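Before any comments, here is the structure.
Positions are given from 1 along the sequence. The figures here come from the full heavy-atom set of this structure, side chains too, leaving out hydrogens, waters and symmetry mates. Computed from a predicted model, the values in this text were never measured in an experiment.
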Amino acid sequence: MAESRKPLLGFMHKLPDANASGNSGKTHCPSCLGLFKAPRLLPCLHTVCTTCLEKLEPFSVVDIRGGDSDTSSEGSIFQEPKSRSLKAQIGILCPVCDAQVDLPLGGVKALTIDHLAMNDVMLESLRGEGQGLVCDLCSDREVEKRCQTCKANLCHFCCQAHRRQKKTMYHTMVDLKDLKGYSRVGKPILCPAHPAEELRLFCELCDRPVCRDCVVGEHREHPYDFTSNVIHKHGDSVRELLRGTQPHVEALEEALAQIKSMNSGLQERVEAVAADVRTFSEGYIKAIEEHRDKLLKQLDDIRVQKENSLQLQKAQLEQLLADMRTGVEFTEHLLTSGSDLEILITKGVVVERLRKLNKVEYSARPGVNDKICFSPQEKAGQCRGYEVYGAINTKEVDPAKCVLQGEDLHKAREKQTSSFTLLCKDASGESMGRGGDNVQVAIVPKDKKDSPIRTVVQDNKDGSYNVSYTPKEPGVYTVWVCIREQHVQGSPFTVTVRRKHRPHPGVFHCCTFCSSGGQKTAHCACGGTMPGGYLGCGHGHKGHPGRPHWSCCGKFIEKSECTYTGGQSAPRSLLRTVAL
């Protein structure tokens, strides 16, 4: 296998002069504000000096995930627990974003080294005429030259000694001032297990860079390749994640712009309503002035409540946007300025962070609205003995909380007017206490959906509405009741329309003898008779039911529907009884 020496991202290419000034955000520790010293990359993609991290106060956390846990505590909200056993773990907080960082077994020094930041620090030092750089060999004198073969910074004395040795006499030496335009001057990255070997290979099975000694030892028989050969595949996967993350940055920026606009609109709306309140209060003396002050206080409380909600959402989105930008900027910088090996070393941390950021859910719309209105005609009780008007309304009818009620809600009679009541309520279940809502009602026969019944909706101005209708035919009807094109609670429902109520053509009597005036030919539907040729019923005689009843159908309930059919078999004398 031949190692390709052509770098994927330009290992030693020169940058334009415009970029030669460097970026202090990439070279200075956010904690101590000095140049990075042994920088460590945290799971949230912030880089901090090792000594600064060691100064942070650690705390103990309980890990219920079990097994190998990620060094970022944020991963726990996206992963199912593997084991319910409790596991104590030491953690720290990122000094930049306060993200919880679970330390590995080796502590802070076991976190990933940010080689890209180390290279940036080297470039920053070179641009400052080498100030602060000391010789890599003697660690005593200031650096004058750099061996491009060994990638070592040398002082004047060690440079001369370097040229005198047979193994290094032909190495290429470059003045520090000639390196200022380079984008990479870092030292070779050595294997932590074999410090004498440089990391040039990548183990596909273990998904990490290795050296020559690793592939013949711990990684024997594992599939591996040169880092320059596998960087394309792994770099493309990181780019794909980056492309999925970038739109979230734009969406968050747009969401923050909407919140800013909403906050401005809220301020304008509050000022407009306050002006209405003041105008309405001018006609009254002390009572109205006191009432006005109460209204303004209520309006300010609403403003504070809504602003607090908007500010909280704004802070959450800004933090998420900052996290997204950190991930995007670091990944872009890694992919454009990092070496093949540096990309592969930090790939795991970057991929994990971008995946977590892509899974975060957020609302791109403001969490509150500016629906505030002043109702000058609404009664507001008494103030100093005066009846005052005017109230601030923020209530909005919630169709899911509205209630339908009435005895004729599910039944009706043909050609008779039926009605029911709609009680409008807000999201908290409280009555709206006012009218003006757009209530839509439709009543349609199930078998004739193109023939709806005319309905009348009466606004009672107190949050209730009376709905009346007159069905022309019996049958089953479907009723829709909607507010703002949304069904209210219980809608749609069915109404059974029965035939028109049939009144009794007879009389409600104690017996036929009494109701007919003693006529012998009068009959009764109960079937009772009396001796002496009386064809109707009488008290205590055969067939009498023993209580008052209808002569036409025999029913015992006075207010009931008649079931008499009027067939030909009915006795003719029954009609005379009915007439009586």
Side-chain angles (χ1 to χ4, degrees), residues 2-17 19-22 26-27 35-39 50 113-202 209-214 226-228 231 334 336-346:
E3 179 181 5
S4 174
R5 293 294 181 180
K6 183 179 179 181
L8 176 65
L9 301 175
F11 184 74
M12 288 294 290
H13 68 282
K14 288 190 176 183
L15 294 174
D17 293 340
N19 297 335
S21 61
K26 304 298 182 182
T27 58
L35 288 174
F36 281 123
K37 296 180 180 179
T50 301
I113 298 177
D114 192 346
H115 295 280
L116 191 60
M118 295 175 65
N119 178 76
D120 292 337
V121 171
M122 182 72 70
L123 289 173
E124 183 78 9
S125 300
L126 290 177
R127 295 184 184 110
E129 303 296 336
Q131 183 178 2
L133 290 179
V134 294
C135 178
D136 290 339
L137 297 183
C138 64
S139 301
D140 187 24
R141 303 177 182 86
E142 289 189 359
V143 175
E144 289 188 1
K145 295 181 179 294
R146 177 180 174 84
C147 178
Q148 294 289 68
T149 307
C150 301
K151 296 183 177 60
N153 299 323
L154 305 176
C155 63
H156 178 73
F157 177 81
C158 293
C159 182
Q160 292 180 342
H162 207 62
R163 293 186 180 278
R164 287 195 295 268
Q165 297 182 11
K166 287 185 178 182
K167 292 184 179 181
T168 59
M169 63 185 302
Y170 296 108
H171 287 190
T172 302
M173 308 295 289
V174 181
D175 290 338
L176 288 185
K177 62 181 180 179
D178 297 331
L179 296 175
K180 292 182 180 180
Y182 284 87
S183 63
R184 295 212 48 78
V185 294
K187 300 179 181 178
I189 302 177
L190 303 179
C191 176
H194 309 94
E197 293 292 331
E198 186 176 350
L199 294 173
R200 296 178 180 271
L201 306 173
F202 186 79
V210 294
C211 68
R212 293 183 305 174
D213 291 350
C214 291
F226 287 105
T227 56
S228 58
I231 185 59
L334 175 66
T336 56
S337 303
S339 66
D340 303 346
L341 188 56
E342 289 168 347
I343 294 176
L344 295 173
I345 289 176
T346 59

Say you draw a straight line from [atom1] of [X] to [atom2] of [Y]; how long is it, rounded to the nearest 0.5 Å?
{"X": "Cys159", "Y": "Leu137", "atom1": "SG", "atom2": "CG", "answer": "10.0 Å"}
{"X": "Thr50", "Y": "Phe36", "atom1": "OG1", "atom2": "CZ", "answer": "10.5 Å"}
{"X": "Leu334", "Y": "Thr346", "atom1": "CG", "atom2": "OG1", "answer": "4.0 Å"}
{"X": "Arg200", "Y": "Cys191", "atom1": "CZ", "atom2": "SG", "answer": "13.0 Å"}
{"X": "Ile345", "Y": "Leu199", "atom1": "CD1", "atom2": "CG", "answer": "6.0 Å"}

Could you tell me which residues satisfy side-chain hydrogen bond (donor to acceptor under 3.5 Å, both in side chains) with Arg212, sequence neighbours excluded, listed by chain and number?
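Partners of Arg212 by the side-chain hydrogen bond (donor to acceptor under 3.5 Å, both in side chains) criterion, ordered by chain and then number, come out as Glu197.
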
Least distance between heavy atoms, Cys135 atom then Cys155 atom
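Result for this residue pair: SG-N, 3.5 Å.
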
Partner set under side chain to side chain contact (heavy atoms under 4.5 Å, CB included) for Leu344, not counting sequence neighbours:
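Counting only residues at least two positions away or on another chain, Leu344 forms a side chain to side chain contact (heavy atoms under 4.5 Å, CB included) with Phe202, Pro209, Thr227, Val230, Ile231, His234.
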
What residues, two or more places apart in sequence or in another chain, satisfy side chain to side chain contact (heavy atoms under 4.5 Å, CB included) together with His171?
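Testing His171 for side chain to side chain contact (heavy atoms under 4.5 Å, CB included), a comparison that skips the adjacent residues, returns Cys147, Thr149, Cys150, His162, Thr168.
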
Before you tell me yes or no, could you show the steps for Leu154 and Met173 under side chain to side chain contact (heavy atoms under 4.5 Å, CB included), namely the whole-Å CA-CA distance, both residues' side-chain angles and the distance that decides it to 0.1 Å?
CA-CA 9 Å; Leu154 305 176; Met173 308 295 289; 3.5 Å; yes

